[in-house]
Structures are given as C-alpha cells and as structure tokens.
Number of protein chains: 2
Amino acid sequence: MERYINEGQPVGSRSLSRDAGLNLSPATIRNVMADLEDLGLITSPHTSAGRMPTASGYRLFIDTLLTVKPLQQDVIQQLRDDLDCLGSPGELLETASRLLSEVTHMAGIVTLPKRETNVFSHIEFLPLSDRRLLVILISSQQEIHNKIIHTPRDFTHSELQAAANFLNQRYAGNDIARVREALLREVKETRERLSQEVIDAAALTELALEAPKKRRKPVFVTGETNLMDFSELANMEQFRSLFETLHQKEEMAHLLDRCIESPGVKIYIGEESGHRALGQCSLVTSAYSINDRVAGVLGVIGPTRMEYERVIPLVDLTAKLVGAALNHKSLPPI
Amino acid sequence: MERYINEGQPVGSRSLSRDAGLNLSPATIRNVMADLEDLGLITSPHTSAGRMPTASGYRLFIDTLLTVKPLQQDVIQQLRDDLDCLGSPGELLETASRLLSEVTHMAGIVTLPKRETNVFSHIEFLPLSDRRLLVILISSQQEIHNKIIHTPRDFTHSELQAAANFLNQRYAGNDIARVREALLREVKETRERLSQEVIDAAALTELALEAPKKRRKPVFVTGETNLMDFSELANMEQFRSLFETLHQKEEMAHLLDRCIESPGVKIYIGEESGHRALGQCSLVTSAYSINDRVAGVLGVIGPTRMEYERVIPLVDLTAKLVGAALNHKSLPPI
DNA sequence: TCCGGCGCTCTCCGCCCTAGAGTGCCAATT
DNA sequence: AATTGGCACTCTAGGGCGGAGAGCGCCGGA
C-alpha cells in the first residue's frame with residue numbers, strides 16, 4: 001500500500017523484495033500476493049504487471065492498518081492563524097477550503113452551515129425608492145442577509161421602523177421558519193383585531209424571509225487544478241468529467257450531506273461515493289459542529305492513492321477549528 | 001480562415017481547391033498561399049502540412065474581412081430575460097458571465113463595476129456585542145456592503161443612531177473616498193470645537209469605509225471546463241497553465257482593465273494579451289457603462305480559432321444589456 | 001513456511017515502413 | 001500575366017515488429 005501510494009505504479013514482488021526491507025524473496029511475496037488477490041484486496045491491471053490495491057484493499061488498509069501522522073507544527077499554526085477570525089461563515093469556509101487544498105495539493109471542498117437551525121436575531125428595513133425596500137436580516141449564525149424586495153405600496157420611514165421594532169422585540173431568538181409560520185398564523189386568526197402596523201409587518205416579513213434558501217450556493221470547491229498533477233487522472237476525458245462532477249454543486253451537496261450524520265472523519269473510496277467520475281478519487285471528510293450540533297461538512301478530494309495518514313488529521317483539525325471559529329462568534333441577541 | 005476556424009486542421013491547397021468552390025487548381029492556391037506566407041499572414045506547422053493563420057492573419061481577418069452575423073432571436077431573448085432584474089451587480093455580472101460561457105461554449109469573464117465612482121448613499125450601524133459593530137453601507141451603485149468592525153469602545157444604540165444620522169444627512173451623494181477625506185480633514189482642523197458625536201462618527205466611518213476595496217473579488221470566470229472541448233488546447237500541461245492563469249484574478253483584472261478605455265468590442269489574439277498561457281486563446285471583450293461612464297469589462301475567452309462573427313455581437317449585446325440593467329437601477333438617495 | 005528456478009506473458013519503446021496529404025518549382029497553356 | 005498539370009520531395013500518422021524489462025505462476029527442494 002505505502003509503496004503504491006508513493007509511486008503510483010503497480011508493485012511487483014521482485015522490487016518489493018529488493019526495496020521494502022522485509023527480507024523475503026520475490027517468490028514468497030508472490031505467494032502472499034496471490035492470496036491477497038484471492039481475497040479481493042489487490043489486483044493486477046494485466047497478467048504480468050505488479051499489483052495495485054482495490055477499493056476494498058484501501059478500505060482494509062485505512063480501517064485497520066493506517067497510523068496517522070501528527071501534523072507539522074507550522075501547518076497547525078497556519079490553520080489556526082487563517083481560521084481565527086474572519087467575517088462571515090461563508091468567508092471562513094472558503095478560507096478553510098482554500099487551506100485544505102493548499103496544504104494537501106489536492107482539492108478542498110466545504111458545505112456551508114445548514115440553514116435549518118437559523119435563528120432570527122434582528123431585522124432592519126431601509127426604504128429605497130419605487131416601492132422597493134432593502135431588508136437586512138441577521139441570523140444567530142453571524143450571517144447577514146441583504147435582500148431587496150418589491151412591496152405592494154410605499155412605506156414611510158417610521159412605519160418601517162415600527163414594523164422592525166415589532167418583529168425584533170417579539171420574535172428575536174426564534175427559528176426563522178417558525179417566525180414565518182407564527183406570523184402567518186397570527187395574522188390569519190386575529191386579523192380584525194390587529195393594527196395595520198402588524199399586518200404590514202407581516203406582509204413585509206413574509207417577503208423578507210421567503211427567498212434566502214434558494215439563493216445560497218451550498219458548496220465551495222477549491223484547488224481543482226491541483227488534481228491535474230496526478231498522473232492517474234491525467235487524461236482529458238476523465239478529467240473533464242471529474243471537473244464537471246465537482247462543479248455540479250447540488251450533486252456534491254448531496255454527497256457531502258451523507259457525511260453529516262456524525263462528527264469525525266469519514267472516507268469514501270473510489271466509487272463508494274456513487275459517482276462514476278470519482279472512480280479514481282477518494283473523499284476525506286469531516287463534519288463540523290456549531291454549538292454541539294453538526295452544521296456542515298468539509299474535506300478533501302484527491303486521487304484514491306493519497307497520503308491518508310497526513311490528510312486525515314488535517315481534515316480533522318480543520319473541522320474542529322472551523323467549528324470553534326463559528327461557535328465562538330454566534331451572536332448574542334442585539 | 002473560415003475553413004481553419006471550422007476544422008481546426010491546417011488547410012492544404014488541394015482540399016481547398018476541391019471543397020471551397022473557388023474553381024481554382026491546387027497549384028494556383030499554392031502560389032497565393034506562398035505569397036500570404038511571405039506576408040506573415042499564414043504559416044505551416046511543418047514542411048508538408050497545410051497552412052494555418054498567424055496572429056497577424058487573424059488580426060487582418062477580423063479587422064477587415066469579417067462580417068458579423070446577427071444573433072439568433074432566441075439567444076437575444078434569453079439574454080434579455082436573464083439579465084433583466086437581478087439583485088446586486090455582483091449577481092448580475094455573474095449571470096452575465098455564465099450566459100456568455102453557455103451561449104458560446106467557451107469561458108465567460110467579467111469584472112465588477114469599478115469602485116472609484118462609488119457614491120456614498122446611506123450608512124447604518126447595528127451594535128452587536130463585545131465592541132463589535134455591524135456596518136451597512138449603501139452606495140449609489142445599488143451595492144450593499146456589510147462589514148463587522150471592532151470598535152475601541154462600546155457605543156449605545158442612540159449614539160450610533162446619531163452618528164448615522166449625521167453622516168447620512170451631511171455626506172449623502174458624495175464619493176465615498178471623498179467622504180473619508182472630508183471627514184478626516186474636518187476632524188483634524190476643528191477638533192476642539194466638535195461634539196463627541198462627530199468625532200465618534202468619524203472614527204466609525206473611518207473604520208467602516210476602509211476595507212471594502214480589498215475584499216472584493218475583482219473578476220469572475222465561468223465555464224472554464226468548456227475549453228476542454230477544443231482539441232488545440234487538449235493537452236494537460238498547456239491546460240493546467242491556462243487554468244492557473246485564468247484563476248489568477250489579479251492578473252486577469254489587469255488584462256481586462258486594458259480594455260476599459262472605451263466602449264465597444266475589443267479583441268486580443270493569442271499572445272497579444274501578454275500571457276504565455278493564453279497563446280492559443282483569444283479574448284473578446286467589451287466594456288459596459290453605467291451612466292455613460294465605462295464601469296467594467298466583460299467578455300469571452302476561447303481558442304484563437306473561434307467563430308468571431310458570432311461571438312462579437314454576443315459580447316456586444318451582453319455588455320449593453322448589463323449596462324442597461326445597472327443603469328436603470330442606480331439608487332436615488334434615500 | 002520459505003526459497004530458487006524456469007518458462008511464460010505483458011507493456012514499453014525504438015525502429016522501420018507505408019499511405020496520405022501537401023509543398024515547391026517548372027514548363028506549358030490560355 | 002494568370003493559371004494549370006506534372007514531378008520530385010517532405011513530413012506525419014499509424015501499423016507492425018522485436019527486444020528489454022518487469023512480473024507472474026508453478027514446482028520441487030530445503
């Protein structure tokens with residue numbers, strides 16, 4: 001395994017006997033290799049070539065034989081520095097992806113924090129002109145959404161102020177989706193008794209809270225070009241489909257969502273990911289958590305033949321640092 | 001030229017005589033080709049191959065022989081629909097880039113509007129916690145900037161309100177850079193006579209206006225993978241350097257800035273762009289204008305051998321539509 | 001359980017050869 | 001003067017061939 005991961009060429013009995021320091025003759029190694037082949041752990045591309053690991057070979061290797069190497073101090077420091085304190089979660093995660101790809105010389109991939117648990121924290125309305133309105137919505141995840149909405153009529157500055165105050169006082173701290181529901185229900189039930197203010201606020205908020213789901217880009221991929229360095233991926237056709245797969249954000253989001261159940265590092269080898277184009281690739285991921293709840297996933301995509309013992313701790317640490325950075329700055333209510 | 005652009009193979013006298021409908025024998029064509037080669041307009045990759053255009057050949061062709069084809073109605077409609085009314089200029093331009101790449105099956109590239117002419121329109125401060133402050137800055141270009149700044153001390157809600165009011169009343173409509181300068185000057189000159197409010201507002205604004213320049217990503221590139229379809233670019237090494245060049249945003253920004261002087265379509269052929277990696281590529285660009293002032297550039301990157309007669313009108317129209325969309329929605333003061 | 005040896009099988013690489021397309025030049029024709 | 005046909009030459013792409021190198025399976029022996 002180690003040899004193949006380093007060289008990328010099928011490994012033969014003779015050269016292994018010579019270089020691996022096992023003090024075994026080629027013949028012995030051949031016998032063992034034949035057994036391993038029967039077990040489906042290794043395979044040879046053609047009759048008289050050396051052996052290379054199969055997917056299950058990798059699986060066994062990673063699950064039972066691998067001992068991870070501790071990260072180098074300077075890498076740890078770089079991660080800490082760069083992931084310390086950045087503006088939005090989006091920027092933070094983009095940085096994380098970039099770091100992953102730079103350190104591993106492979107591709108980094110991240111999903112943004114899940115929106116489900118998004119808590120309404122503060123809203124602000126600014127009138128523009130022509131029945132248009134700038135809505136600024138702050139969620140507890142440090143996220144700031146700007147949105148321009150078209151309103152059925154013009155509102156005065158003070159009307160908007162009043163609506164914002166109403167919403168902020170009444171609903172801060174609740175889940176955004178719930179706020180919407182509650183507002184709808186309340187208006188429906190007690191329409192006649194409500195002041196125009198409340199009804200207007202409801203209409204506005206309805207518009208304001210509606211869209212942010214579909215706007216978000218769920219996935220960042222970085223450093224795809226690094227993958228061109230790997231000889232086993234180096235033909236155009238394969239590469240093209242790989243790139244296209246990587247850029248199908250929704251597909252990738254699905255794939256990564258499958259890693260989200262529990263924290264800790266997960267590894268998909270080759271077609272375990274369910275994508276043809278990733279047949280020669282592995283995906284090393286880890287979920288990151290905010291407030292002890294799994295929020296998103298980040299990881300590395302590279303050739304199956306990658307240095308897992310280095311990549312695994314790196315992904316692990318990055319996920320932890322991202323989690324910490326996001327945790328630390330969840331916003332107290334305004 | 002037409003033949004080479006279609007086929008991508010050097011064109012020989014014999015096949016040209018056969019297929020081009022010129023009623024000339026190969027020998028005649030050879031003679032003419034020899035002349036053209038002496039003029040430096042065509043060249044052959046090796047002794048007994050056909051001829052292909054040089055950069056100056058393309059230049060001459062584009063400048064004097066080319067007749068553009070009108071765009072197909074459905075393309076025009078698609079552009080109009082998709083570029084009609086989108087949120088921020090950033091989104092609009094990203095869409096433009098995507099459209100360019102989809103329609104041409106090449107790569108689209110855009111720069112965001114220049115920030116220089118950015119007019120201060122409205123500012124708002126929201127206190128977060130821990131001496132942190134959310135600044136919402138609206139410029140006349142419909143752009144909304146969010147920024148979190150760390151302040152030297154905590155401010156109360158009403159202090160912030162006062163500061164914002166001061167700034168909005170006093171400086172709305174001025175260039176952002178000028179606002180900064182004016183504020184600095186004023187505070188310096190008349191420090192003792194100013195209320196604490198003004199000084200605080202100055203400090204805040206100083207912080208608030210400082211960063212947005214460097215945060216922006218100056219360039220979007222879309223559809224790079226489309227370029228993999230072109231056989232003349234289809235080797236890994238070349239491709240890699242092409243991709244890397246395309247992703248060096250600053251480099252690309254520089255390159256595109258050179259097209260910004262005047263509106264209208266500009267074309268860079270091969271190494272005219274000054275980039276080795278773009279030797280096999282052409283860049284078709286057009287500047288777009290907001291309020292009759294050139295604001296940014298958009299265009300298409302593809303193989304030198306591209307269908308200029310289709311690409312040119314497409315880039316032209318896209319630039320005009322983007323300009324119109326941005327123009328239309330410059331914000332009146334709040 | 002390990003090893004040495006033997007015959008066999010692949011791939012890779014360099015070499016040669018041929019077919020095909022194109023060239024340059026020259027003399028002949030219109 | 002423009003055009004053409006003819007001829008010898010050149011270069012590439014692609015197929016076939018053969019040797020070198022690496023590896024394999026199997027078998028008999030320690």
Side-chain angles (χ1 to χ4, degrees), chain A residues 1-54 56-58 61 230-238 280 303-305, chain B residues 1-54 56-57 61 230-238 280 303 305:
Chain A
M1 290 298 302
E2 285 164 6
R3 173 108 175 201
Y4 181 76
I5 285 176
N6 278 328
E7 317 263 326
Q9 297 296 327
V11 179
S13 56
R14 191 181 143 82
S15 66
L16 200 56
S17 157
R18 197 173 350 103
D19 308 334
L22 290 170
N23 265 340
L24 291 175
S25 79
T28 311
I29 293 175
R30 279 203 288 278
N31 288 333
V32 177
M33 277 178 157
D35 294 346
L36 292 175
E37 187 157 18
D38 289 343
L39 291 172
L41 299 175
I42 55 180
T43 182
S44 51
H46 58 83
T47 338
S48 81
R51 305 304 214 294
M52 48 200 286
T54 62
S56 19
Y58 275 113
F61 174 68
F230 297 97
S231 54
E232 62 263 53
L233 305 174
N235 74 70
M236 275 294 176
E237 202 168 334
Q238 202 178 1
Q280 307 268 34
T304 320
R305 164 178 98 75
Chain B
M1 288 297 304
E2 286 164 7
R3 172 107 177 204
Y4 181 76
I5 284 175
N6 279 329
E7 316 262 327
Q9 297 296 328
V11 180
S13 56
R14 191 181 142 85
S15 65
L16 200 56
S17 157
R18 194 170 356 98
D19 308 331
L22 290 170
N23 267 339
L24 291 176
S25 80
T28 313
I29 293 175
R30 279 204 286 280
N31 288 333
V32 177
M33 278 179 157
D35 294 346
L36 291 176
E37 188 158 19
D38 289 345
L39 291 172
L41 298 174
I42 56 180
T43 181
S44 51
H46 56 85
T47 337
S48 81
R51 305 305 215 293
M52 48 200 284
T54 61
S56 20
F61 175 69
F230 297 97
S231 53
E232 63 264 54
L233 305 174
N235 75 70
M236 275 293 173
E237 200 168 336
Q238 202 178 359
Q280 308 266 35
R305 164 180 100 74

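Order of the sequence lines sets the chain letters (A, B, ...), proteins ahead of strands, with each chain counted from 1. All values below were derived from every heavy atom in this structure, side-chain atoms included, with hydrogens, water molecules and symmetry-related copies excluded.
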Problem set entry | Contact summary for B:Tyr4 and B:Arg305, nearest pair of heavy atoms | O-CD, 3.4 Å

Exercise. Which residues pass the side chain to side chain contact (heavy atoms under 4.5 Å, CB included) test with A:Ser25, sequence neighbours left out?
Worked result: A:Ala27, A:Thr28

Problem set entry | A:Asp19: salt bridge (Lys or Arg N to Asp or Glu O under 4.0 Å) partners, not counting sequence neighbours | A:Arg3

Seminar exercise, completed: Going 5' to 3' through nucleotides 22-28 of chain C and flagging B where a protein heavy-atom sits under 4.0 Å of the base, S where only the sugar-phosphate is that close, and - otherwise, we get BBBB---

Problem set entry | Heavy-atom side-chain proximity of A:Ile5 to A:Phe61 below 4.5 angstrom | yes

Donor-acceptor list for residues 29-44 of chain A side chains, cut-off 3.5 Å, not counting sequence neighbours:
unit_1, atom_1, unit_2, atom_2, d
A:Arg30, NH1, A:Ser13, OG, 3.2
A:Glu37, OE1, A:Arg51, NE, 2.8
A:Glu37, OE1, A:Arg51, NH2, 2.7

Problem set entry | Considering all heavy atoms, the nearest A:Gly50-A:Pro45 contact | O-CD, 3.5 Å

Problem set entry | Non-hydrogen side-chain atoms of A:Gln280 and A:Pro303 separated by less than 4.5 Å | no

For this session: Using chain B heavy atoms and a threshold of under 4.0 Å, write down where along DNA chain D the contacts begin and end, 5' to 3'.
Result: D:dT3 to D:dT12

Seminar exercise, completed: From CG of A:Leu22 across to P of C:dC3 the rounded distance in Å is 10 Å

Exercise. Can you list the residues that meet the side chain to side chain donor-acceptor pair (under 3.5 Å) rule with A:Glu2, with sequence neighbours excluded?
Worked result: none

